[in-house]
Amino acid sequence: MLLLANAEAWPGFPLAVEMLRAGADSLDAMVAGIGRVEAEPRVRSVGYGGWPNMLGVMECDAAVMNGTTREVGAVGAVPDTIPVAALAQAVMQRLPHVMLTGAGARRFASEIGFSVDEVLIEDSRRVWRERLEVELEAEQLARFPDIPLAPLSRAITDPERVRDTTVFLSTDARRGSHTATSTSGWAWKYPGRLGDSPIPGAGFYADSRYGAAACTHTGEMTMRCATARTIVLALKLGRSLREAVDLAVEELAELREGFLGGVVIHAADAQGRHEVVNFRCEGEIRYWLWDDTMAEPELRPARTI
């Protein structure tokens, strides 16, 4: 059994490991682990600790994929909800749909008993307001939010350079390959923006016959390249895991126009091998790894390309 997650999964990775050791369903373990991350205010890219959109509203995205059945549940731009990965799992389990967004996702959450959550911590609210005061003229501030937001999208999007996502991947021959994701998305994003995290094939994909992949950071790029699906399809076509990941990186590197940035790819094949690659992200990228031969999880450096 192998479990893989990005570095910011630290609040929930031990719980997921504990549940897997006890024989829990892989997706249940990952969703429970992500739930701990979503509730931790010190993680500034997910759930309660995340950053708001331009209007000061938190909109969260999440998804789960069962690689054995290839069922998917996803939610996007969800307001007033912290455990969005659990909500995505409920979409997969209870509805004939793959994805719900916005007010519809929140309505479904209320129908199945999810609380209406206060999702914006005071520090996030303060930083958001202070940045508005720097970027806007007094007359614009007086009219806010009844001003055009599009001109601000490049000026104040992502002021803290937070583009991370929490991703979990699990794989083994018996339980299959599965993924789970959660994020508050770009700080200061245009309202309604979805990143790659809830998009099957872009921010995540799993097929128990071959493996699983999930991405973090610049989702606008992985959506254009269908990065996670590329990796799993390359595995299906006989590429090694490293070759599959390198092929996905080549496709990202071919992009010349549009918004470009860094991407981190997490991938594992059905034989229990894994790859985590840092493509153009600043600084060292690390990730959590555990398999059933290890006494404790390890935090390891990603391969840099």
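Counting heavy atoms from C-beta on, the side chains of H274 and R300 come closer than 4.5 Å. For the pair T81/P83, a side-chain contact is recorded, criterion being any heavy-atom separation below 4.5 Å from C-beta on. In this structure, M1 and S170 have side chains that are in contact, with non-hydrogen atoms separated by less than 4.5 Å. For the pair D292/L20, no side-chain contact is recorded, criterion being any heavy-atom separation below 4.5 Å from C-beta on. Annotation: side chain of W186 is in contact with side chain of E220 (closest heavy-atom distance under 4.5 Å). In this structure, R280 and T218 have side chains that are not in contact, with every pair of non-hydrogen atoms separated by 4.5 Å or more. Residues P191 and L149 meet the side-chain proximity criterion, which asks for heavy atoms closer than 4.5 Å. Between R70 and Y205, some side-chain heavy-atom pair lies under the 4.5 Å cut-off.
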Derivation of the side chain to side chain contact (heavy atoms under 4.5 Å, CB included) call for W128 and W51: CA-CA 8 Å; W128 165 76; W51 296 98; 5.9 Å; no
Candidate pair V249 and T227, rule side chain to side chain contact (heavy atoms under 4.5 Å, CB included), full reasoning: CA-CA 8 Å; V249 170; T227 298; over 6 Å; no
Salt bridge (Lys or Arg N to Asp or Glu O under 4.0 Å) assessment of R125 paired with E118: CA-CA 12 Å; R125 193 188 312 276; E118 175 55 56; 3.5 Å; yes
Side chain to side chain contact (heavy atoms under 4.5 Å, CB included) assessment of V116 paired with R106: CA-CA 8 Å; V116 175; R106 182 56 250 183; 3.8 Å; yes
Step-by-step side chain to side chain contact (heavy atoms under 4.5 Å, CB included) determination, E40 to W10: CA-CA 10 Å; E40 175 54 67; W10 59 266; 3.8 Å; yes
Could you pull out every donor-acceptor pair under 3.5 Å between side chains of residues 230-239 and any protein atom, sequence neighbours left out?
from: T230; atom 1: OG1; to: C225; atom 2: O; distance (Å): 3.4
from: T230; atom 1: OG1; to: A226; atom 2: O; distance (Å): 3.0
from: T230; atom 1: OG1; to: E251; atom 2: OE1; distance (Å): 3.2

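Between A228 and F204, the shortest heavy-atom distance links the atoms CB-C, 3.4 Å. The shortest heavy-atom contact between H178 and S208 is CE1-OG, 4.1 Å. For the residue pair A202 and C215, the shortest heavy atom distance occurs at O-SG, 3.7 Å. A pairwise comparison of heavy atoms in T171 and A270 identifies OG1-CA, 3.8 Å as the closest pair. The two atoms that bring H97 and V91 nearest to each other are O-CG1, 3.8 Å, heavy atoms only. The nearest pair of heavy atoms linking W290 to E296 is CD1-C, 4.1 Å.
Using a 4.5 Å cut-off between side-chain heavy atoms of Ile, Leu, Val, Met, Phe, Trp and Tyr, with links allowed through other members, L87 and M30 fall into different hydrophobic clusters. Tracing side-chain contacts under 4.5 Å through hydrophobic residues (I, L, V, M, F, W, Y), one never reaches I285 starting from V245; they form parts of separate clusters. Note: the hydrophobic cluster containing V264 does not contain L260 (ILVMFWY, side chain heavy atoms under 4.5 Å, direct or indirect links). Hydrophobic clustering places F168 together with M92 (ILVMFWY residues linked when any side-chain heavy atoms are closer than 4.5 Å, directly or through intermediates). Taken together through direct or relayed side-chain contacts under 4.5 Å among Ile, Leu, Val, Met, Phe, Trp and Tyr, I121 and M58 form part of one hydrophobic cluster.
In this structure, CD1 on I82 lies 7.5 Å from OG on S115, to the nearest 0.5 angstrom. The structure places OH of Y190 at 8.0 Å from CG of L55, a figure rounded to the nearest 0.5 Å. H217 NE2 to E282 CD: the interatomic distance, rounded to the nearest 0.5 Å, is 9.5 Å. The NZ atom of K189 sits 11.5 Å away from atom CE of M54, with the distance rounded to the nearest 0.5 Å. The distance from the CZ atom of R224 to the CG atom of L255 is 4.5 Å, given to the nearest 0.5 Å. Atom OG in S240 sits 10.5 Å away from atom CG in L247 (nearest 0.5 Å).
Between the side chain of E38 and the backbone N or O of S182 there is no donor-acceptor pair closer than 3.5 Å. Judged by distance alone, with hydrogens and angles left aside, the side-chain atoms of D117 form no donor-acceptor pair with the main-chain N or O of V119 at under 3.5 Å. Looking at R129, its side chain never comes within 3.5 Å of a backbone N or O of G56 through a donor-acceptor pair. Side-chain atoms of Q93 do not come within 3.5 Å of backbone N or O of L95 as any donor-acceptor pair.
The existence of a salt bridge linking E122 and R126 is excluded, since no basic side-chain nitrogen approaches an acidic carboxylate oxygen closer than 4.0 Å. With respect to R21 and E18, no salt bridge is recorded, no charged nitrogen being found less than 4.0 Å from a carboxylate O. Under a 4.0 Å N-O distance rule, the pair E135/R131 qualifies as a salt bridge.
Side-chain contact of R44 with S124: a donor-acceptor pair under 3.5 Å is present, judged by distance alone. Side-chain contact of D28 with Q89: a donor-acceptor pair under 3.5 Å is present, judged by distance alone.
Partners of Y210 by ring pair (Phe, Tyr, Trp, His ring centres under 6.0 Å), not counting sequence neighbours: none found. Not counting sequence neighbours, R174 has no partner by the side-chain hydrogen bond (donor to acceptor under 3.5 Å, both in side chains) test.
For the pairing with S197, the side chain to side chain donor-acceptor pair (under 3.5 Å) check across T165, T216, T181, D61 returns one residue only, T165.
Around CD of E111, the count of heavy atoms belonging to other residues, nucleotides or ligands within 6.0 Å exceeds 12. Counting heavy atoms of neighbouring residues, nucleotides and ligands inside a 6.0 Å radius, atom CZ of R286 does not exceed 12 of them. Other residues, nucleotides and ligands contribute over 12 non-hydrogen atoms within 6.0 Å of the CZ atom of R229.
The aromatic rings of F13 and W288 lie parallel to each other, with less than 30° between the two planes, well short of the 60° mark.
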